[in-house]
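Just below is one structure, and these are the notes that go with it.
Residue numbering restarts at 1 for every chain, and letters A, B, ... go by the order of the sequence lines.
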Number of protein chains: 4
Amino acid sequence: MLNRIVLIGRLTKDPELRYTPNGVAVATFTLAVDRPFTNQSGEREADFINIVTWRGLAENCANYLKKGRLAAADGRLQIRNYENNEGKRVYVSEVVADNVRFLESGNSGQSGNNGNNGGQGGQRRGQQGDQQSNQRFNDDPFAKDGQPIDISDDDLPF
Amino acid sequence: MLNRIVLIGRLTKDPELRYTPNGVAVATFTLAVDRPFTNQSGEREADFINIVTWRGLAENCANYLKKGRLAAADGRLQIRNYENNEGKRVYVSEVVADNVRFLESGNSGQSGNNGNNGGQGGQRRGQQGDQQSNQRFNDDPFAKDGQPIDISDDDLPF
Amino acid sequence: MLNRIVLIGRLTKDPELRYTPNGVAVATFTLAVDRPFTNQSGEREADFINIVTWRGLAENCANYLKKGRLAAADGRLQIRNYENNEGKRVYVSEVVADNVRFLESGNSGQSGNNGNNGGQGGQRRGQQGDQQSNQRFNDDPFAKDGQPIDISDDDLPF
Amino acid sequence: MLNRIVLIGRLTKDPELRYTPNGVAVATFTLAVDRPFTNQSGEREADFINIVTWRGLAENCANYLKKGRLAAADGRLQIRNYENNEGKRVYVSEVVADNVRFLESGNSGQSGNNGNNGGQGGQRRGQQGDQQSNQRFNDDPFAKDGQPIDISDDDLPF
DNA sequence: TTTT
DNA sequence: TTTT
């Protein structure tokens with residue numbers, strides 16, 4: 001009934017931008033979030049948390065975030081599950097963010113930028129077939145190897 | 001660097017209470033948290049989110065929470081991973097809650113109770129060997145089948 | 001750049017429903033949120049936190065919430081300030097909630113209700129001049145005595 | 001019963017560090033948090049939110065935060081009230097933070113620093129009477145002019 | 001493997 | 001001005 005999460009961490013890689021068959025942008029990336037304590041050998045571990053963003057925010061993330069950058073994500077925790085190729089149920093957890101803040105300006109130029117994303121403008125890309133349009137969904141947006149698509153635009157929560 | 005989550009949902013089962021080899025109480029349960037939208041067939045789905053609590057809060061959860069009850073959890077999202085018996089890496093996500101609120105009083109009696117847990121009192125159970133002491137940790141506190149213990153008291157974050 | 005708050009508490013009074021000159025619904029109420037500790041005389045104090053909701057959510061709150069009911073609010077903390085009649089600047093803090101959960105079903109009937117609000121449907125009331133339409137904004141939506149209106153519909157954040 | 005807030009913003013001034021009569025450190029500062037929308041004249045306004053931190057975290061904030069720096073605060077919203085010198089009740093809202101993250105390293109040196117505070121170490125300053133010890137509490141930790149102290153160490157929540 |  |  002209520003599900004709200006806020007994270008601050010660093011991207012483990014550049015974001016990946018894909019499009020649904022209907023041309024809706026989706027970006028995925030992973031934040032490394034340091035734990036607030038050290039383990040028994042004195043090292044600080046991190047949680048690696050998958051983030052998904054949609055539409056205009058997805059495109060902003062793809063444009064402005066890079067591996068190593070510090071970012072904040074605000075959204076909801078989602079637990080999906082699917083059957084893998086060995087017929088076993090696999091659970092995937094990810095944060096569906098409706099708000100991402102870019103906490104580092106990217107030391108090359110970009111002055112005047114406040115480190116903010118440009119809100120939640122919901123632009124929808126056309127079917128122009130550019131170089132990114134071959135990136136389509138599979139069962140797990142964080143998986144590399146393509147499973148048949150089972151996420152359609154009808155699933156979109158907003 | 002910052003990791004904060006708040007959930008409200010219903011328990012899918014009664015909590016499970018276990019103890020580390022050193023006698024520290026741990027309770028685990030799962031909250032069904034309704035999604036804020038319906039899917040393409042008009043049904044409201046839920047996310048099933050694992051919760052872990054420690055010490056006095058664990059014992060309060062075990063005492064006052066039951067299957068179906070409404071509860072709020074406030075904590076941090078943790079992603080653990082371990083190698084399963086087939087040598088494959090499995091990812092487990094869970095919310096380590098430092099605050100749980102009991103939002104239903106349990107319609108039988110219990111008047112005067114405010115629906116609150118009793119804070120974070122950190123009582124530590126002795127090694128009396130009572131009927132619960134055979135519940136020990138394995139790799140995944142949410143798994144039923146016993147793997148060798150790899151969580152010791154040294155891991156405790158607080 | 002990021003501002004997210006989640007509260008659970010009890011309403012100190014029934015909500016108040018008003019409308020902007022353009023017919024947009026606004027509900028205000030106060031949540032008493034118990035502090036997580038007791039003071040030096042052993043009493044648990046509470047924070048009394050003003051909540052504002054808009055549009056369809058406002059009307060749902062007015063319909064389903066009552067004095068004493070338990071509710072959760074999720075939103076953003078806003079600090080407004082205005083000059084009072086003595087020319088002094090007054091600061092008003094309130095939570096602008098985009099999500100409110102009704103955690104008690106209202107013991108009279110209402111079965112089938114899940115305790116949820118009906119989402120964020122943004123219905124806008126017409127200017128029919130019914131018995132509530134004389135409730136208009138002043139400087140402080142939580143104040144009783146009418147100051148000249150300075151919140152117009154242009155201020156609406158969504 | 002539950003009260004959790006996360007903010008990211010910039011300090012409007014350097015933090016102020018004071019001590020209670022018993023030598024417990026308290027730091028106060030204000031975060032300017034941009035609103036997620038622009039007003040009717042196209043300007044982005046901000047909320048100016050008071051933050052209070054205690055003990056070791058207070059001393060870290062005083063040492064590492066400066067006017068203009070970006071920071072995240074995680075805590076609880078508190079609404080205090082007191083009677084001012086004209087016998088009028090004044091309401092003060094502030095976030096009591098148990099976690100503050102320094103999101104900018106302070107471009108001078110300090111390499112190797114992760115931008116994190118050093119946790120919640122609760123050091124307590126002795127009564128050495130150094131140059132800061134004349135900074136004592138009054139009714140409102142954010143007020144400049146001294147009212148008689150009414151916050152004693154007994155009020156400390158942790 | 002899931003709750004109302 | 002405050003709720004159970």
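- In this structure, B/E104 pairs ionically with B/R10, as a charged nitrogen and a carboxylate oxygen lie closer than 4.0 Å.
- Among the nucleotides F/dT2, F/dT3, E/dT2, the one closest to any side-chain atom of C/R10 is F/dT3.
- Of all nucleotides listed (F/dT3, E/dT3, E/dT1), E/dT1 comes nearest to the side chain of A/Y91.
- Nearest nucleotide to the C/F48 side chain, out of F/dT2, E/dT2, E/dT3: F/dT2.
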> Given the rule in the salt bridge (Lys or Arg N to Asp or Glu O under 4.0 Å) test, do C/R55 and C/D98 qualify, once you have shown the distances and angles that lead to the verdict?
Replying inline: CA-CA 10 Å; C/R55 302 179 192 273; C/D98 43 29; over 6 Å; no

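- For B/R35, the salt bridge (Lys or Arg N to Asp or Glu O under 4.0 Å) criterion is met by B/D47, not counting sequence neighbours.
- Set against E/dT4, F/dT1, F/dT2, the side chain of D/R89 has F/dT1 as its closest nucleotide.
- When the C1' atom of F/dT4 is taken as reference, atom CZ of C/R44 falls 12 Å away, rounded to whole Å.
- What separates CZ of C/R35 from C1' of F/dT4 is a distance of 17 Å, to the nearest Å.
- Here E/dT1 presents its P atom at 20 Å from CD of B/E94, a figure rounded to the nearest Å.
- Comparing atom distances between the B/D34 side chain and each of E/dT4, E/dT2, F/dT3 picks out E/dT4 as nearest.
- Residue contacts shown for B/G68 are limited to sugar-phosphate atoms, with no base heavy atom under 4.0 Å away.
- Atom P of nucleotide F/dT4 and atom NZ of C/K66 are separated by 14 Å, given to the nearest angstrom.
- Nucleotide E/dT3 holds its C1' atom 14 Å from the CD atom of B/E45, rounded to whole Å.
- Evaluation of the side chain to side chain contact (heavy atoms under 4.5 Å, CB included) rule for A/F48 yields A/T12, A/T30, A/A32, A/A46 as partners, not counting sequence neighbours.
- When all heavy atoms of B/L103 and B/A71 are compared, the pair lying nearest together is CD1-C, 4.0 Å.
- The nearest whole Å value for the distance from the CG atom in B/L103 to the P atom in F/dT3 is 20 Å.
- Residue C/R69 has no polar side-chain atom (N or O) positioned under 4.0 Å from OP1 or OP2 of F/dT3.
- If you measure from atom CG of B/L7 to atom P of E/dT4, you get 18 Å, rounded to the nearest angstrom.
- Here E/dT2 presents its P atom at 20 Å from CG of B/L70, a figure rounded to the nearest Å.
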